[in-house]
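We name chains A, B, ... by the order of the sequence lines, and we start the count at 1 in each one. Since the structure is predicted, the reported quantities are computational estimates derived from the model, not experimental observations.
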Protein chains: 2
Amino acid sequence: MSRLLQKCADVGLKMTEQRKVILKVLEESDDHPSVETLCERAKQVDASVSIATVYRTLGLLDNLGLVIKHDFGGSTARFEIKSEHDHDHHHHLIDTETGDIIEFQDDKLEELIHAIAERLGYEVVDHTFELFGHKKKP
Amino acid sequence: MSRLLQKCADVGLKMTEQRKVILKVLEESDDHPSVETLCERAKQVDASVSIATVYRTLGLLDNLGLVIKHDFGGSTARFEIKSEHDHDHHHHLIDTETGDIIEFQDDKLEELIHAIAERLGYEVVDHTFELFGHKKKP
DNA sequence: GTATGTGCAAAGACTTTGCTTTGGA
DNA sequence: TCCAAAGCAAAGTCTTTGCACATAC
């Protein structure tokens with residue numbers, strides 16, 4: 001049983017056919033799909049999946065902290081599975097010419113966030129950090 | 001004549017009563033108002049201002065690079081005037097308990113962004129960086 | 001005078017929700 | 001069996017747009 005599925009079952013959610021498909025599709029996506037993309041992919045496995053269920057399922061996963069909901073500047077939300085491991089934490093560079101999303105990690109950034117919060121007397125519970133740009137031409 | 005007004009006139013925009021009011025209200029706002037908030041404030045000066053015009057005006061200002069359009073996680077866009085001076089560049093900490101927006105600046109962050117982009121072979125044209133948190137309790 | 005801009009209301013895009021039926025435990 | 005969950009379509013929220021009228025230049 002997959003991790004996501006296990007976690008959902010643990011909370012007492014019914015594992016319906018549709019949910020299983022949505023979770024599977026999400027786990028197999030290494031991009032950052034939108035609700036619509038996810039729904040399309042799910043429909044190819046089980047045509048009965050509706051967009052409403054995808055929205056509801058992602059809402060659940062978001063509440064459970066199992067996915068990260070992104071807003072990369074487009075009009076629709078984009079999702080990715082939240083890793084179990086804190087050190088897998090990464091950020092995104094969005095290629096404004098191709099739409100590609102490049103993931104990267106930077107320890108200094110995490111330090112910096114802590115330092116800034118400390119300075120301001122705040123406890124940070126979340127943050128956004130995204131770069132938008134294009135490949136450097138030689 | 002205010003800076004925004006001047007810039008708009010320079011591009012050949014007609015300075016209608018409504019636009020003048022919207023620009024004035026925007027310049028007098030030191031928070032990060034939403035379209036709706038801006039419209040309410042404008043209506044108090046000139047009741048004829050409609051939300052459609054506020055949207056259109058902000059769209060123009062955004063295209064001209066005179067305002068920054070933020071998405072602080074809520075459902076609506078929030079705006080602020082873009083400073084003339086590069087060194088006024090700042091970021092935001094959103095207090096998740098009060099909704100307050102605290103502005104801060106950090107030179108190391110700017111360096112870091114450059115370093116990351118360099119590493120990835122990209123030219124960064126924009127970025128987002130927001131912290132979400134709450135006051136640290138003693 | 002004429003091209004631009006405005007208000008209004010309708011349409012769009014994305015997301016949520018009410019209701020009836022379905023199906024997992 | 002029985003309550004959670006699904007599908008469908010309607011409603012909601014924010015934003016954009018078509019059109020007729022108004023107005024800055």
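- Distance A/N63 CG to C/dT16 P: 10 Å, rounded to the nearest Å.
- The phosphate of D/dA6 has OP1 or OP2 within less than 4.0 Å of a side-chain N or O from A/R19.
- Looking at which nucleotide of DNA chain D each of B/Q18 and A/A47 is closest to, the 5′-most match is held by A/A47.
- In this structure, the side chain to side chain contact (heavy atoms under 4.5 Å, CB included) partners of B/E97, at least two apart in sequence or on a different chain, are B/D95, B/H134, B/K137.
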Under 3.5 Å, side-chain donor or acceptor atoms of residues 124-133 of chain B against the rest of the protein: list the pairs with distances, not counting sequence neighbours.
| unit_1 | atom_1 | unit_2 | atom_2 | d |
| --- | --- | --- | --- | --- |
| B/H127 | NE2 | B/H89 | NE2 | 3.3 |
| B/H127 | NE2 | B/H91 | NE2 | 2.9 |
| B/T128 | OG1 | A/E130 | N | 3.2 |
| B/T128 | OG1 | A/E130 | OE1 | 3.3 |
| B/E130 | OE1 | A/T128 | OG1 | 3.2 |

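- Taking every heavy atom of both residues into account, B/R41 and B/S29 meet most closely at NH1-OG, 2.8 Å.
- For the pair B/L13 CG and D/dC25 P, the computed distance is 10 Å after rounding to whole Å.
- Here the P atom of nucleotide C/dA25 and the CG atom of A/L5 are 10 Å apart, to the nearest Å.
- Rounded to an integer number of Å, the gap from A/E40 CD to C/dC14 P is 12 Å.
- In this structure, the CD atom of B/E36 is 10 Å from the C1' atom of D/dT13, given to the nearest Å.
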Within the sub-3.5 Å range, which N or O atoms of nucleotides 16-23 of chain D have a protein N or O partner, and how far apart are they?
| unit_1 | atom_1 | unit_2 | atom_2 | d |
| --- | --- | --- | --- | --- |
| D/dG18 | O6 | B/R56 | NH1 | 3.4 |

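- When rounded to the nearest whole Å, the span between CG of A/D62 and C1' of C/dT16 equals 14 Å.
- Counting only residues at least two apart or in different chains, salt bridge (charged side-chain N to carboxylate O under 4.0 Å, His left out) contacts with residues 8-18 of chain A are absent.
- The aromatic ring centroids of A/F72 and A/H92 lie less than 6.0 Å from each other.
- Per the geometry, CG belonging to A/L60 stands 11 Å off P belonging to C/dT16, to the nearest Å.
- Applying the salt bridge (charged side-chain N to carboxylate O under 4.0 Å, His left out) test to pairs two or more places apart or on separate chains, those with a residue in residues 113-124 of chain A are A/E118-B/K136, A/R119-B/D106.
- Every pair passing side chain to side chain donor-acceptor pair (under 3.5 Å) that includes a residue from residues 57-78 of chain B is listed here, sequence neighbours excluded: B/H70-B/E80.
- When rounded to the nearest whole Å, the span between CD of B/E17 and P of D/dA24 equals 8 Å.
- Considering only the side chain of A/S75, C/dC14 comes nearest among C/dC14, C/dA25, C/dT6.
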